[in-house]
Novice: 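After the structure tokens below, expect a handful of questions from me.
Chain naming here is simple, since letters A, B, ... match the order of the sequence lines and numbering starts at 1 in each. Computation of the quantities below employed the complete heavy-atom set of this structure, encompassing side-chain atoms and omitting hydrogens, waters and symmetry-equivalent molecules.
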Amino acid sequence: MNKELINKYANDILIDLTDEEAEKTIEELNVLDKHMTAIEKLNNIKDVEPLTHPFDLYTATLRDDIAEDGEMIENVLRNSDVVEAREIEVPKVVG
Amino acid sequence: MEIKNIVKKAYDSQDKLNAFVTIIDEPKQTIDNQDSPLNGQVVAIKDNISTKDILSTGSSNALKDYVPFWDATIVKKLQDAGTILLGKTTMDELGMGATGTTSHTGIVRNPWNLDHITAGSSSGSAALVAANIVNYAIGSDTGDSVRKPAAYCGVVGFKPTYGLISRYGLFPFASSLDHIGTFAKSVKDVAILTDAIKGIDEFDMTTWDSSHINLTKATDLDVKGKKLFYIKELCDINSYDLQSDELKNTLKIFDETINKCKELGIEVEEVSIDKNLLSALFPSYLCISSAEATSNNSNLTGIIFGPRGKGSDINEIMKDHRTKGFSSLVKRRFVIGSFVLQENNKDKYFLNAQRVRRLIVDKMNELFEKYDGLILPCSEGGATKIEDLEDNNINNASILENHMVIANFGGFPSITIPNGFINDLPIGINITGKVMDDENIINIAHHIESTMNYKNQIAKGWK
């Protein structure tokens, strides 16, 4: 675990860390690593299927496919700082 | 009390408690529902729940001006029940924190003693119920964010079974662990509030049909013959290397509560669980919640909402927004999330955490075949002094302070009720039960509450 690596992980998710924040993150990851190394030693841990959700019970029903006018453009624009006409403005992305 | 006087009381509390992000100057009752037990009652809602045309910040600078244009499902249900929204409550930023000290609007203070924390992340909601500004409040709970502040503020906090309450409109933190929960000063009142907002919702596929469940009526049922268990490794003082007076008092008060359970005719037994598995709870929670949080919050870019960052290209703009918008703690959690999801690290951290999750949930489900619920103290003592807080809370991963995450791992219904005081600060006990057995847990908690003198108590220290 070093600062260069931590800054890379931060950069991947579009965050800049100060030196102090990077050091603290390293400290925290070292503590976490100690715990997770102990967990690797739990009996047969590798044979356990990871649990991703509390329990399986999902109500997935398809709604009728009816076109609606969301009437939401003005509402969406209210929360953006940089708006041009009825669009959110950003610097040119595609060359 | 007239509504304008309630608003004045809310404003008067701000310089002491700082429990509101927003107070509504002229609160309105949208629907007069004479059939609802909540008709005309004032409520406060955590600031990570979307309220139409009302600022909803998640207590983060990244969303400091965000105004939703639709209501969360529970907001509509509260309106239908005839309640009046008084304001939005201060929380740990984006739900990530356990102290009530990380909001962009400052520290929430404990109404029993202003020098102490409330715990978090539903800090303002718990403080306002304790201080009697409102009788009812809404929070959210990803690790213990309703049940811990309830304990430290001396009120009742209930996190029902996963999917009992719709999360449509809740800012997601870690979706597989997130729940909406309720606060009040008695078990019956959290039952009434939860009944009003529960139900299947076409906008949240994790909700399920709970029309057969009536939590309010469940408090009328008998408890004789019910069976609870507690975990030996957490309740035996000899299991602890550091035996502080506070911990000894907590366990002594817990023993007294267990005796009261037995007087009610509830059987209580001691169960032993592998301490290595219990020690794995907090690190596993940290891996899962940080990973899910990193992914869920990737939409906070400052483009569609939030303050626009500076920069010459889109990545620079987003990075500037995120770097300035999040506090240090939230940034570190996101980086931990990024770290555990890296291909090289995923198995050791993220997948092993999910494996621990299955082991503990399977163990609990096995025990819930025999017992109605698990009963444990909520913490090692009362709320910490604000000046004594350590910045690095990962080091302080005591099992007794972190066990309530079990209920998030398994989606189990889980309730905290006050059961005493240490150094004039409230402490609580937690009761957790089988999935969809919410009525049983409410009933047991209601009866245990009736053996003690903490129902409807009001904090006086803040005045």
Novice: Under a 4.5 Å cutoff for heavy-atom pairs, which residue among B:Gln342, B:Glu292, B:Met318 has the most contacts with chain A?
Specialist: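 Answer, by heavy-atom pair count under 4.5 Å with chain A: B:Gln342.
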
Novice: Relative to chain A, which segment of B:Asn315 carries a heavy atom at a distance below 4.5 Å: side chain, backbone, both, or neither?
Specialist: both

Novice: Which residues pass the side chain to side chain contact (heavy atoms under 4.5 Å, CB included) test with B:Ser298, not counting sequence neighbours?
Specialist: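 By the side chain to side chain contact (heavy atoms under 4.5 Å, CB included) rule, B:Ser298 matches no residue at all.
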
Novice: Run the side chain to side chain contact (heavy atoms under 4.5 Å, CB included) test on B:Arg355 and A:Asp47 for me, step by step, so that the C-alpha distance in whole Å, both residues' side-chain angles and the decisive distance to 0.1 Å come before the verdict.
Specialist: CA-CA 9 Å; B:Arg355 291 179 179 115; A:Asp47 300 333; over 6 Å; no

Novice: Out of B:Thr294, B:Asn352, B:Ile314, return the one with the most heavy atom pairs under 4.5 angstrom to chain A.
Specialist: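 So the answer, after comparing B:Thr294, B:Asn352, B:Ile314, is B:Asn352.
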
Novice: Which atoms of B:Asp53 are under 4.5 Å from chain A, going by heavy atoms: the side chain, the backbone, both sets, or neither?
Specialist: side chain

Novice: Out of B:Leu351, B:Ile304, B:Val356, B:Asn276, return the one with the most heavy atom pairs under 4.5 angstrom to chain A.
Specialist: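 Answer, by heavy-atom pair count under 4.5 Å with chain A: B:Ile304.
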
Novice: Most heavy-atom pairs under 4.5 angstrom with chain A, which of B:Tyr349, B:Phe412, B:Phe350?
Specialist: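 The option with the most such pairs is B:Tyr349.
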
Novice: If every non-hydrogen atom of B:Tyr162 is compared with every non-hydrogen atom of A:Phe55, which pair is closest and at what distance?
Specialist: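 Closest pair (atom of B:Tyr162, atom of A:Phe55, distance): O-CZ, 3.4 Å.
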
Novice: Heavy-atom distance under 4.5 Å to chain A: side chain of B:Phe326, backbone, both or neither?
Specialist: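 The side chain, not the backbone.
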
Novice: Take a 6.0 Å sphere around NZ of A:Lys46 and say whether it holds more than 12 heavy atoms from other residues, nucleotides or ligands.
Specialist: yes

Novice: Less than 4.5 Å to any heavy atom of chain A: does that hold for the side chain of B:Thr161, its backbone, both, or neither?
Specialist: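 Interface part for B:Thr161: side chain.
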
Novice: Quick one: does any side-chain atom of A:Ser80 pair with a main-chain N or O of B:Ile303 as donor and acceptor, under 3.5 Å?
Specialist: yes

Novice: Search all heavy atoms of A:Pro91 against all heavy atoms of B:Ser312 and return the closest pair with its distance.
Specialist: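 For A:Pro91 and B:Ser312, the tightest heavy-atom pair comes out as CB-O, 4.0 Å.
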
Novice: Just jot down the side chain to side chain contact (heavy atoms under 4.5 Å, CB included) partners of B:Asp320, sequence neighbours excluded, or say none.
Specialist: B:Lys310, B:Lys324

Novice: Check whether B:Val435 gets within reach of chain A through its side chain, its backbone, both or neither, counting any heavy atom under 4.5 Å.
Specialist: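 It is the side chain, since no backbone atom gets that close.
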
Novice: Contact part of A:Leu17 toward chain B, heavy-atom cut-off under 4.5 Å: side chain, backbone, both or neither?
Specialist: side chain

Novice: Counting C-beta onward and ignoring hydrogens, is there a side-chain heavy-atom pair between B:Leu359 and A:Val48 closer than 4.5 Å?
Specialist: yes

Novice: Working to the nearest 0.5 angstrom, can you tell me the gap between B:Ser327 OG and A:Glu21 CD?
Specialist: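 One finds 8.5 Å between OG of B:Ser327 and CD of A:Glu21.
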
Novice: Does the side chain to side chain contact (heavy atoms under 4.5 Å, CB included) test come out yes or no for A:Val76 and B:Phe305, once each step is laid out?
Specialist: CA-CA 8 Å; A:Val76 170; B:Phe305 40 75; over 6 Å; no

Novice: Out of B:Asn365, B:Asn345, B:Thr323, which one racks up the most heavy-atom pairs below 4.5 Å with chain A?
Specialist: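 Looking at each of B:Asn365, B:Asn345, B:Thr323 in turn, B:Thr323 comes out on top.
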
Novice: Which region of B:Met364, side chain (C-beta onward) or backbone (N, CA, C, O), has a non-hydrogen atom less than 4.5 Å from a non-hydrogen atom of chain A, or is it both or neither?
Specialist: neither

Novice: Under 3.5 Å, side chain of B:Asp65 to main-chain N/O of A:Asn79, donor-acceptor pair present?
Specialist: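 No; judged by distance alone, with no hydrogens or angles, the pair does not exist.
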
Novice: Could you state the interatomic distance from CZ (B:Phe409) to NE2 (A:His53), rounded to the nearest 0.5 Å?
Specialist: 13.5 Å

Novice: Between B:Arg322 and A:Ile13 (side chain of the first, backbone of the second, donor and acceptor by atom type, cut-off under 3.5 Å), is there such a pair?
Specialist: yes

Novice: Between A:Leu42 and chain B, with a heavy-atom cut-off of 4.5 Å, which part of the residue counts as in contact: side chain, backbone, both or neither?
Specialist: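 Interface part for A:Leu42: side chain.
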
Novice: How far apart are the C-alpha atoms of B:Cys287 and A:Leu32, what are their side-chain angles, what is the distance that settles it, and do they pass the side chain to side chain contact (heavy atoms under 4.5 Å, CB included) test?
Specialist: CA-CA 9 Å; B:Cys287 287; A:Leu32 182 64; 4.0 Å; yes

Novice: Do you know which of A:Asp12, A:Asp33, A:Thr25 has the most heavy-atom pairs with chain B at a distance under 4.5 angstrom?
Specialist: A:Asp33

Novice: Let me know if A:Thr18 has heavy atoms under 4.5 Å from chain B in its side chain, its backbone, both or neither.
Specialist: neither

Novice: Quick one: what part of B:Glu316 sits under 4.5 Å from any heavy atom of chain A, side chain, backbone, both or neither?
Specialist: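 The answer is neither part of B:Glu316.
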
Novice: CG/B:Leu286 to NE2/A:His35 distance, rounded to the nearest 0.5 angstrom?
Specialist: 9.0 Å

Novice: If I measure from the heavy atoms of chain B, does A:Lys41 come under 4.5 Å with its side chain, its backbone, both, or neither?
Specialist: neither

Novice: Any heavy-atom pair between the side chains of A:Asp81 and B:Pro307 that's under 4.5 Å?
Specialist: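 B:Pro307 reaches A:Asp81 side chain to side chain.
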
Novice: Does some side-chain heavy atom of B:Asp274 sit less than 4.5 Å from a side-chain heavy atom of A:Asn43?
Specialist: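 The answer is no; the side chains never approach within 4.5 Å.
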
Novice: Please look at A:Ile6 and chain B and tell me whether the side chain, the backbone, both or neither of the residue comes under 4.5 angstrom of a heavy atom of that chain.
Specialist: both

Novice: Side chain, backbone, both or neither: which part of A:Ala10 has a heavy atom under 4.5 Å from chain B?
Specialist: both

Novice: Can you say whether B:Ile317 sits under 4.5 Å from chain A via the side chain, the backbone, both, or neither, judging by heavy atoms?
Specialist: side chain

Novice: Heavy-atom distance under 4.5 Å to chain B: side chain of A:Val82, backbone, both or neither?
Specialist: both

Novice: State, to 0.1 Å, how close A:Pro54 and B:Gly411 come at their nearest heavy-atom pair, and which atoms those are.
Specialist: CB-N, 3.6 Å

Novice: For residues B:Pro68 and A:Arg78, report the shortest heavy-atom separation together with the two atoms involved.
Specialist: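 Closest pair (atom of B:Pro68, atom of A:Arg78, distance): O-NH2, 4.2 Å.
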
Novice: May I ask you to decide whether A:Asp16 forms a salt bridge with B:Lys331, counting only side-chain N to carboxylate O separations under 4.0 Å?
Specialist: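 No, no charged N to carboxylate O under 4.0 Å.
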
Novice: Within a 6.0 Å radius of atom NZ on B:Lys52, are there more than 12 heavy atoms belonging to other residues, nucleotides or ligands?
Specialist: no

Novice: Could you look at A:Glu20 and say if it's the side chain, the backbone, both or neither that has a heavy atom under 4.5 Å from chain B?
Specialist: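 It is neither, since no heavy atom gets under 4.5 Å.
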
Novice: As an exercise, state the distance from CG of A:Asn75 to CH2 of B:Trp70, rounded to the nearest 0.5 Å.
Specialist: 10.0 Å

Novice: Can you tell if the side chain of B:Leu329 reaches within under 4.5 Å of the side chain of A:Lys24, non-hydrogen atoms only?
Specialist: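 Not in contact.
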
Novice: Are B:Phe339 and A:Glu28 close enough that some pair of their side-chain heavy atoms sits under 4.5 Å apart?
Specialist: no

Novice: Identify the heavy atoms of B:Ser284 and A:Ile39 that sit nearest to each other, and give their distance.
Specialist: OG-CD1, 3.7 Å

